[in-house]
Amino acid sequence: MSPNILDDKIISIMRVSQLYCPTLKEAPREAEVISHQLMLRAGMIRKSAAGIYSYLPLGYKILRKCEAIIREEMNVVGAQEVHLPMVTASSLWQETERWDKYGKELLRFTDRHNNEFCLGPTHEEVITDLVRNELRSYKQLPVNLYQIQTKFRDETRPRFGLMRGREFLMKDSYSFDADEESLAETYITMIEAYKRIFKRFGVEFRVVEADSGSIGGSSSAEFMVLADVGEDLVIECPDCMYAANTEIFGDLKPESLCPSCNGANLSETRGIEVGHVFKLGQEYSKKMKATFVDKDGRPKPFMMGCYGIGVSRVVAAVIEQSHDHKGIKWPFSLAPFEVVVMISKTKDEVLYEAGERLYKDLQASGADVLLDDSSDSIGFKFKDADLIGIPIQVVVGRQFLESQEVEIIQRLTGEKTVMSYKDVISYVQTLVK
RNA sequence: CGGGGCGUGGCGCAGUCUGGUUAGCGCACCAGUUUUGGGAACUGGGGGCCGGAAGUUCGAAUCUUCUCGCCCCGACCA
């Protein structure tokens, strides 16, 4: 029908009959935790090597939705997106002495000229090098740069699928301020932005006090998604909302008094670290001689901050928090599709036509919709839709033949509604919002 | 890096202890027919050098040695 061949191709990947999404009834044995099992079963990821994964169309789409939310919130606070190299020269790392300190986690190699490089596990050196010669005046500050990029850390023991991979996707920001006061403002702004991001991901999280000593005498906070498989222990006080990571504050026990309000109701839970913000101060700018000219005409090292979000890890964390025995329960914000239109009997021309039309109408209304036009039985379609976790399932089936009605099932609540075919678009719009 | 476990069609497994027809089962895949509201049924079919190497033996998925890969616990994780 469409005169544009390209449009047809784009649309065709939103049909189950064309979608590359190999789902599995059983989880591969290697997968221990639920998020790993479900992502494998739902055809979102596949392992390539230990701690290294490929993202299939659905997995990649989820990642992109995650990125989009992060971008929006970063841009709102005036951070600017850049893209730094993944392969980084040893000379930069030698300036901060991390070439020696970082250890085996840094994956090193040499090029044909025998120059040493590593795959970037983090980018303080690269970003500091980028700005040190061209960010010159206090008048330009503050500047906040971020990127969303693949990182590589050669962990001794990668585990739990995307939770602790060697290769993973990370959003990292670096801020440059003129003084401590300004850095403090940037730091608070970023914490607030992070809170909005994790709220939009639909997860229950805590902002916890983290190590403040080793990096340069200022503060650090971690964003923890609460989950049983979390590798960190979080202690929190219900009286004053104080929370801390016990791996860092080893002396803090559930029976201790709250260091913030002296209350005696501390409790311990497990958490997955999905974000970490630091005040770096002048740690890197001093070592790398990255200075700007201040009001008094004299050079000063930048006051730096760095702010990370484990993008691929947060996807796993969301699943850990939101699933049931049938599969994943995505919030609308991250779901690979918002709606799936299921044709109960594809061979029935009336149903097929109706499903096709509803799919196109929903798409025109702006919904992110998948059409299940496969010849599988309706039971099979239900199982896959539940596993993948599409929030709204619309069934074009026998009610349609009888009374022009379709059934709408909500994945999160299990609520089922039968309504007239023509009312579906507006109903879906109110659900998605 | 210490300890433990596992490698058999794409996935899940049996067979290994006690060597012996043609390596088997479920799912998935292909063809056909009948099906279609919660992972349909039947019939027929394709796909494996049992992780790799060396050895013992008339004979190795099975025993021995080495090696590679993967998973779990711990240590480690700006």
Side-chain angles (χ1 to χ4, degrees), chain A residues 22-33 36-37 40-41 43 46-52 93 96-99 101-106 118 120-128 151-161 163-166 168 170 172 174 210-216 220 222 229 231-232 245 247-248 272-273 276-280 283-284 304-308 310 313 325-327 342-348 351-352 372 374-388 393-402 405-407 409 414 416 418:
Chain A
T23 56
L24 303 169
K25 279 187 189 172
E26 292 167 293
R29 192 175 30 182
E30 71 200 29
E32 186 84 359
V33 300
H36 191 195
Q37 292 178 358
L40 287 168
R41 286 190 54 209
R46 286 293 182 263
K47 186 180 68 191
S48 179
I52 300 176
W93 295 82
T96 58
E97 288 149 20
R98 283 166 113 191
W99 186 254
K101 280 186 195 162
Y102 218 108
K104 285 189 172 173
E105 214 176 301
L106 207 52
C118 67
T122 178
H123 285 253
E124 285 82 6
E125 283 82 356
V126 178
I127 195 88
T128 306
K151 297 279 192 268
F152 197 95
R153 295 179 188 177
D154 198 4
E155 304 266 359
T156 48
R157 185 149 96 87
R159 63 184 128 179
F160 301 156
M163 206 91 84
R164 180 173 290 281
R166 290 193 293 171
F168 58 99
M170 182 173 174
D172 46 329
Y174 305 89
D211 190 2
S212 55
S214 70
I215 302 225
S220 159
E222 292 174 336
V229 297
E231 296 182 278
D232 296 272
N245 184 342
E247 292 206 345
I248 288 154
I272 302 165
E273 182 191 336
H276 202 160
V277 296
F278 287 91
K279 285 185 188 171
L280 295 174
E283 176 78 8
Y284 290 87
M304 290 174 57
C306 78
Y307 318 87
R313 180 183 280 182
H325 66 283
K326 294 193 256 184
M342 297 185 274
I343 302 168
S344 77
K345 206 186 288 188
T346 322
K347 273 190 182 167
D348 186 311
L351 291 182
Y352 191 88
D372 195 338
S374 68
S375 56
D376 295 319
S377 69
I378 183 68
F380 194 98
K381 294 179 189 189
F382 279 130
K383 293 289 184 191
D384 263 2
D386 288 341
L387 174 62
I388 290 166
Q393 305 168 357
V394 181
V395 188
V396 181
R398 56 188 177 212
Q399 294 109 328
F400 183 81
L401 295 175
E402 289 161 13
E405 288 177 317
V406 299
E407 185 177 9
I409 303 160
K416 295 181 184 182
V418 175

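A, B, ... follow the sequence lines: proteins, then strands. Residue 1 opens every chain. Scope of the values below: all heavy atoms of this structure, side chains included, with no hydrogens, waters or symmetry mates.
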A:R153 side-chain N/O to A:L106 backbone N/O, donor-acceptor pair under 3.5 Å: no
Under 3.5 Å: donor-acceptor pair, side chain of A:R313, backbone of A:M163: yes
Any side-chain heavy-atom pair of A:M342 and A:F382 under 4.5 Å: yes
A:D348 side chain near A:L401 side chain, heavy-atom distance below 4.5 Å: yes
Residue [X], side-chain atoms from C-beta onward, closest of [options]:
X: A:F382; options: B:rG38, B:rG39, B:rC70; answer: B:rG38
X: A:E105; options: B:rC72, B:rC77, B:rG26; answer: B:rC77
X: A:K383; options: B:rA78, B:rC71, B:rG38; answer: B:rG38
X: A:K326; options: B:rC70, B:rG38, B:rC1; answer: B:rG38
X: A:T156; options: B:rC1, B:rG38, B:rA78; answer: B:rC1
X: A:R164; options: B:rC77, B:rC71, B:rA78; answer: B:rC77
X: A:K347; options: B:rU35, B:rC77, B:rG26; answer: B:rU35

Considering all heavy atoms of both residues, which atom of [X] and which atom of [Y] are nearest to each other, and what is their separation?
X: A:S374; Y: A:T346; value: O-OG1, 2.6 Å
X: A:W93; Y: A:Y102; value: CZ3-CD1, 3.9 Å
X: A:V418; Y: A:Q399; value: CG2-NE2, 3.9 Å
X: A:Q37; Y: A:E32; value: NE2-O, 3.4 Å

Pairing nucleotide - [N], Watson-Crick or G-U, each distance under 3.5 Å:
N: B:rC50; answer: none
N: B:rG12; answer: B:rC25
N: B:rC42; answer: B:rG32
N: B:rC1; answer: B:rG74
N: B:rC63; answer: B:rG55
N: B:rC6; answer: B:rG69

Measuring only the [atom1] atom in each nucleotide, how far is [N] from [M]? A whole number of Å is fine.
N: B:rC30; M: B:rC71; atom1: C1'; result: 34 Å
N: B:rU57; M: B:rU16; atom1: P; result: 24 Å
N: B:rC68; M: B:rA75; atom1: P; result: 26 Å
N: B:rG44; M: B:rA54; atom1: P; result: 41 Å
N: B:rG5; M: B:rA78; atom1: P; result: 32 Å
N: B:rC17; M: B:rC27; atom1: P; result: 29 Å
N: B:rC72; M: B:rA60; atom1: C1'; result: 30 Å
N: B:rA23; M: B:rG47; atom1: C1'; result: 14 Å

Residues that A:F400 engages under side chain to side chain contact (heavy atoms under 4.5 Å, CB included), provided they are two or more places apart: A:V350, A:L351, A:A354, A:V396, A:Q404, A:V406, A:Y421
Grab the [atom1]-[atom2] distance between [X] and [N] for me, whole Å please.
X: A:Q37; N: B:rC71; atom1: CD; atom2: C1'; value: 13 Å
X: A:R157; N: B:rC77; atom1: CZ; atom2: C1'; value: 12 Å
X: A:K104; N: B:rA75; atom1: NZ; atom2: P; value: 19 Å
X: A:R166; N: B:rC77; atom1: CZ; atom2: P; value: 18 Å
X: A:E26; N: B:rC11; atom1: CD; atom2: P; value: 12 Å
X: A:K101; N: B:rC76; atom1: NZ; atom2: C1'; value: 18 Å
X: A:E32; N: B:rG12; atom1: CD; atom2: C1'; value: 16 Å
X: A:K47; N: B:rG7; atom1: NZ; atom2: P; value: 14 Å

Below 3.5 Å between N/O atoms, which protein atoms pair up with nucleotides 40-42 of chain B? Just atom names and distances, please.
unit_1	atom_1	unit_2	atom_2	d
B:rA40	OP2	A:S377	OG	2.9

With a 4.0 Å cut-off on heavy atoms, is [X] in touch with a base, just the backbone sugar-phosphate, or nothing at all?
X: A:D348; answer: nothing
X: A:K381; answer: nothing
X: A:Q399; answer: base
X: A:A27; answer: sugar-phosphate
X: A:I52; answer: nothing
X: A:F160; answer: sugar-phosphate
X: A:R29; answer: sugar-phosphate

Between CE on residue A:M304 and CD on residue A:E124, distance to nearest 0.5 Å: 6.5 Å
5' precedence on RNA chain B between A:E231 and A:S48 (nearest-nucleotide basis): A:S48
Earlier contact from the 5' end, RNA chain B, for A:E30 and A:K25: A:K25
side-chain N/O A:R159 vs B:rC73 OP1/OP2, d < 4.0 Å: yes
Side-chain H-bond candidate by donor/acceptor type, A:Q393 with A:D386, under 3.5 Å: yes
Under-3.5 Å donor-acceptor pair between A:D376 side chain and B:rG39 base: no
